[in-house]
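Values below: every heavy atom of this structure, side chains too, minus hydrogens, waters and symmetry copies. Note that ligands are numbered from 1 as they come in the structure, with each ligand's atoms numbered from 1 the same way.
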Amino acid sequence: MGKVTQITHPLILHKLALIRDKNTGSKDFRELVEEVAMLMAYEVTRDVQMEEVEVETPICVTKCKMLSGKKMAIVPILRAGLGMVDGMLRIIPAAKVGHIGLYRDEETLQPVEYFCKLPQDIQERDVIVTDPMLATGGSAIDAISLLKKKGAKNIRLMCLVAAPEGVEAIVEVHPDVNIYVALIDEKLDENGYIVPGLGDAGDRLFGTK
Ligand code: PRP
Ligand code: URA
């Protein structure tokens, strides 16, 4: 069964409060989303494989732990997931980046796929899907299904804010996927927006309406 981890570090909560504020403009919003993603990367990568290596310090030879070199991929769900990529790459610079384009139809709230470009060896990589918002869960469910269809096996989902409905939906459809979220909010409103949420993440990141 997939784990659901809330990452409630004070630095993350502080930045999330600023992100939620409707008076925060696109420039600050983008920087804050990137910073929160970078801080969350610490927890999301907590269980990556390590190997023992020998290192010669100025004093003697010793055994140390280093990342085993298992390959990773970061896969943002376009558009809003893009806002988290640079923060992740600061911590995992060797990761490859795939892109899945999905938008939520405003009437039906169903995700519509328009783009998919993944690293060729996605089957061999540990995959981290990024999207700031997990609302009904439809977009993340479709993105993860697409990744599985392409052969990805070890998939994690990383979001800033989630509705309880979205978390439940992922756990039901993809119980093997671990979910990392800064905060789980109260509910969805009648338009499928997260309450209290932060509004439309893509529009706030890119200054569109
Ligand atoms: C937003 C968000 C998620 C999706 C969440 O994207 O970034 O991808 O909605 O909703 P769901 O859990 O109900 O599927 P949107 O469709 O607005 O596209 P955008 O990122 O291009 O703005
Ligand atoms: N997508 C967003 O960007 N925000 C929400 O609250 C729900 C879906």
Side-chain angles (χ1 to χ4, degrees), residues 2 4 6 15-34 36-37 40 44 74-88 97-118 127-148 155-175 177-209:
V4 181
Q6 283 199 76
K15 289 177 192 294
L16 255 187
L18 296 171
I19 287 173
R20 285 189 196 276
D21 187 336
K22 68 174 186 182
N23 294 314
T24 299
S26 284
K27 175 182 176 290
D28 291 338
F29 189 92
R30 266 197 301 275
E31 287 174 7
L32 287 160
V33 168
E34 182 181 329
V36 171
M40 287 180 75
V44 176
I74 300 164
V75 180
I77 301 179
L78 307 182
R79 295 171 300 161
L82 280 176
M84 298 168 74
V85 172
D86 285 350
M88 296 294 291
V97 181
H99 295 88
I100 294 181
L102 291 172
Y103 71 87
R104 206 167 68 141
D105 183 287
E106 284 178 9
E107 298 288 311
T108 64
L109 300 185
Q110 292 306 305
V112 181
E113 185 192 327
Y114 60 88
F115 188 75
C116 179
K117 180 94 180 166
L118 300 172
V127 178
I128 303 174
V129 176
T130 65
D131 194 330
M133 311 306 282
L134 178 61
T136 64
S139 304
I141 286 173
D142 276 19
I144 294 166
S145 298
L146 192 55
L147 280 160
K148 287 183 176 173
I155 303 172
R156 293 159 224 222
L157 172 65
M158 181 179 167
C159 307
L160 301 194
V161 178
E165 295 89 329
V167 175
E168 273 170 35
I170 304 281
V171 170
E172 181 160 342
V173 181
H174 294 298
V177 170
N178 289 341
I179 303 171
Y180 298 86
V181 54
L183 274 179
I184 299 177
D185 272 3
E186 265 170 60
K187 58 175 183 180
L188 289 177
D189 71 9
E190 60 285 2
N191 299 313
Y193 275 84
I194 300 173
V195 180
L198 50 83
D200 187 308
D203 284 353
R204 294 194 64 191
L205 274 167
F206 299 112
T208 51
K209 269 269 171 259

Do the side chains of [Y] and [X] get nearer than 4.5 Å, heavy atoms only?
X	Y	answer
S145	H174	yes
I170	I141	yes
M84	V33	yes
I19	T24	no
I194	L188	yes
E168	V171	no
Q110	D142	no
I184	V4	yes

Are any of the N/O atoms in [X] less than 3.5 Å from those in ligand 2?
X	result
A135	no
G202	no
A201	yes

Checklist line | Numbering as shown, the atoms of ligand 2 that approach G199 to under 4.0 Å (heavy-atom distance) | finding: 2 (C), 3 (O), 4 (N), 5 (C), 6 (O)
Checklist line | Element-labelled atoms of ligand 2 that are located less than 4.0 Å from some non-hydrogen atom of G192 | finding: 7 (C)
Note to self: Is there a salt bridge (Lys or Arg N to Asp or Glu O under 4.0 Å) between R30 and E34? Walk through the geometry before answering.
What the structure shows: CA-CA 6 Å; R30 266 197 301 275; E34 182 181 329; over 6 Å; no
Less than 4.0 Å is my threshold; does some heavy atom of [X] fall inside it relative to ligand 2?
X	answer
R204	no
G197	no
A163	no

Checklist line | H99 to L78 - nearest heavy-atom pair and separation | finding: CD2-CD2, 3.8 Å
Next item on the list: Determine whether the side chains of T208 and R79 contain a donor N or O and an acceptor N or O closer than 3.5 Å.
Entry: yes
May I ask you to identify the nearest protein heavy atom to [atom], giving residue, atom name and distance to one decimal place in Å?
atom	value
atom 5 (C) of ligand 2	Y193 CD2, 3.5 Å
atom 6 (O) of ligand 2	I194 N, 2.8 Å
atom 8 (C) of ligand 2	R104 NH2, 3.4 Å

What does the contact table look like for ligand 1 (nitrogen or oxygen on each side, cut-off under 3.5 Å)?
unit_1	atom_1	unit_2	atom_2	d
ligand 1	7 (O)	D131	OD1	2.8
ligand 1	8 (O)	D131	OD2	2.4
ligand 1	12 (O)	A135	N	2.9
ligand 1	12 (O)	T136	N	3.1
ligand 1	12 (O)	G137	N	2.8
ligand 1	13 (O)	R104	NH1	2.7
ligand 1	13 (O)	T136	N	2.9
ligand 1	13 (O)	T136	OG1	2.5
ligand 1	14 (O)	S139	N	2.9
ligand 1	14 (O)	S139	OG	2.6
ligand 1	16 (O)	R104	N	2.7
ligand 1	20 (O)	R79	N	3.1
ligand 1	20 (O)	A80	N	3.0
ligand 1	21 (O)	R79	N	3.2
ligand 1	21 (O)	R79	NE	2.8
ligand 1	22 (O)	R79	NH2	2.9

